[in-house]
Amino acid sequence: MSSIPTLRSTPTEAAPTNPFLRWFMPEVPLARVAVFRVFVYLFIIIDVLTISGDVIAHGWTPEFYQPLWLARFLHIPAVSVLGAQILLTLIIVFSLLAAAGILQRLSGWAVALSFGAWMFYTQGYGYVAHDHMALVIAAFVLPTIGTARFGDVSTASARAGWALRMVQISVVLTYFYSVVMKWIASGNITHWANGAVIIWALMRRGAEWSKPFLEMPGLLIAAQWATLVFEFLSPVVLFLKGKWLYGAVAFFFLFHLMTYLALGIHFLPTVICWAAFLPLEKLVPKRFTSTGTA
Amino acid sequence: MEEKKRRLLTSQDPAAQGPDPAPSSASGKSDGPGTGPSARSKSATRVKPLSKVSIGWRIVVPAIAFVILTCGQFLNTNDFFPLGSLTQYATAKDLNGTVNSTCIEAEFPGEDEPRRLGFNAATVGIERGDVESQLDRVIAHPELLQSMADSYVRLQPDEPKPETMILCRTTTQLKNGLAVGESEQTTLATWEVR
């Protein structure tokens, strides 16, 4: 492929010609990555301060540390309160730099490593939450893209497309493999669907307004079947376009909003990664999109 | 003026410089979610192709991750986080079974009855789910409750120090998916706080 000289400061690259590779690493505007990066890195700050903010408290309970495989392999010890506070500070500083697009690769990798360590300390005390898979993967694939600026609206990149595709696949696998796990854990998937999982969840952590639904087990069983169906079909979203894609993303948003209101389970780390499906470059004000100033 | 100069040098169509249009099913040409045709507009240049190495590792690494994630499901292990099993709410519950919920209580000086504490990191330094995930270990080693008592004292400096920590469980019987009777509480472990 021949080179075309431009004044663009951000180099772009050609996408592969193989149909699978064109799907696997499509060309997408770098501006989309620049916006997505802001979403992800600002959310990581919110995450470490709230959702996964138990790491500092874990500094008080080192006896409960149950290191995960990679933490054991790397001999990562239990966190201390001071260590957690230092790590928190580093994550916030690196995330702000990365969100602002300063030293993009360096700040991105610094976030990936420090946030990865934080994840070992929030997930390594017994309970492992599943809502962080796509977010952790996003933190690790974003620095592979290189420089991406808001002005790169018409600068297409297969590197960016690959990274966003990885996040998209992680998002849908979070749902699809949860169906696989329900099937494995229950032996027979109908046992799960016809069982009392939502009843169990509502009784343990349900909001007061949702308690009357405990009197309607048939409705809750129907909801379980519906959940199974849309989780099983979630990979279809990878191939949707236009209004169907927007509709699917909105549907999953509403699903998580409902589980949050009813059970306090928001799945926000996954929800934020749904943004990888959207043409985020449309959010960039036109005054920032002048070609050649990327 | 500078902008005009750039356009002349790059032979770019000013109309191609606007934001990418929404992904359109009508176009049928988009090869990625939200990858509209304008992503490859006239101004989208290709300085150099992705190298074979660059493409290669971008295929191999996700393939390995996919295998690990898949193994994580069938081995039912969370050990490979973030590629562990997605077990959250995966276990079937019997409509005529019981609903268990682990709780934590503490006896304080001058109080006749144990007091229920919030089972979360802000109160006792650890979440209920974390303890439930290693419940057998905690029951076998009740001295772990000392750590929760210490955390409670540090996190609630204005509260009195507990004398005894009690790990408990409430059990509710279901019949056809409806709760029957009152919940029963059992003691799983106790620890005299040092």
Side-chain angles (χ1 to χ4, degrees), chain A residues 1 3-4 6-7 11-14 16 22-23 26-29 54 57 60-61 63-64 66 68-69 123 125-128 130 132-133 136 153-154 156 158 161-162 166 177-178 180-182 185-186 191-192 195-197 199-200 203-204 217 241-242 245 277-279 281-282 289-292, chain B residues 3 6 9-10 12 16-17 19-20 22-25 30-35 39-41 43-50 55 58 62 73 78-82 84-95 99 101 121 125-127 129-131 133-134 144 147 151 154 172 174 177-178:
Chain A
M1 195 160 292
S3 300
I4 301 172
T6 73
L7 286 180
T12 57
E13 75 287 332
R22 276 210 310 275
W23 175 84
E27 292 179 327
V28 302
D54 57 358
W60 299 116
T61 53
E63 296 86 352
F64 286 93
Q66 300 277 289
L68 298 161
W69 177 81
Q123 310 288 353
Y125 283 73
Y127 181 75
V128 178
H130 307 123
H132 276 77
M133 181 169 79
V136 172
V153 169
S154 52
W162 174 82
M166 291 305 100
Y177 266 180
S178 77
V180 173
M181 200 59 233
K182 288 176 179 94
S186 303
H191 291 167
W192 186 93
V197 171
I199 293 167
W200 177 78
M203 289 179 82
R204 279 168 55 94
K241 295 184 178 77
L245 177 61
F277 286 88
L278 302 174
E281 65 277 11
K282 293 177 77 173
T289 61
S290 301
T291 312
Chain B
E3 183 58 34
R6 277 193 201 96
L9 283 168
T10 55
Q12 285 172 339
Q17 295 172 12
D20 197 25
S24 166
S25 55
S30 176
D31 56 4
T35 314
R40 290 195 237 172
S41 63
S43 59
T45 58
R46 294 161 187 171
V47 174
K48 58 178 180 180
L50 283 172
I55 292 173
R58 281 178 168 82
Q73 311 311 306
N78 276 311
D79 217 18
F80 307 138
F81 176 86
S85 64
L86 298 158
T87 48
Q88 224 163 358
Y89 297 99
T91 308
K93 302 294 177 187
D94 190 345
L95 285 168
V99 176
S101 186
I126 196 148
E127 297 286 336
D130 288 321
V131 173
S133 296
Q134 45 184 314
L144 288 168
S147 175
S151 299
R154 287 167 183 145
T172 307
L174 296 179
L178 296 170

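Residue numbering restarts at 1 for every chain, and letters A, B, ... go by the order of the sequence lines.
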Any idea which of A:H132, A:M181, A:H130 has the most non-hydrogen atom pairs under 4.5 angstrom with chain B?
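Most pairs with chain B among the choices: A:H130.
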
Under 3.5 Å, is there a donor-acceptor pair between the side chain of B:D79 and the main chain of A:L68?
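A pair under 3.5 Å: no.
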
Distance, nearest 0.5 Å, that separates CG of A:D54 from CD1 of B:I126:
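Answer rounded to 0.5 Å: 8.5 Å.
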
Rounded distance [0.5 Å steps], OH in A:Y127 versus CD in B:Q88
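Result: 3.0 Å between the selected atoms.
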
Is [X] in contact with chain A via its backbone, its side chain, both, or neither, using a 4.5 Å heavy-atom distance?
X: B:D94; result: backbone
X: B:R154; result: side chain
X: B:L144; result: both

Measure [X] against the heavy atoms of chain B and call it side chain, backbone, both or neither at under 4.5 Å.
X: A:M133; value: both
X: A:W162; value: side chain
X: A:V197; value: both

side-chain hydrogen bond (donor to acceptor under 3.5 Å, both in side chains) between A:E63 and B:S147, intermediate numbers included:
CA-CA 7 Å; A:E63 296 86 352; B:S147 175; 2.8 Å; yes

Side-chain touch A:F64/B:Q134, heavy atoms, less than 4.5 angstrom
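With C-beta onward as the side chain, the pair touches.
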
Would you check if the distance from the ring center of B:Y89 to the ring center of A:W192 is below 6.0 Å?
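No, the ring centres sit 6.0 Å or more apart.
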
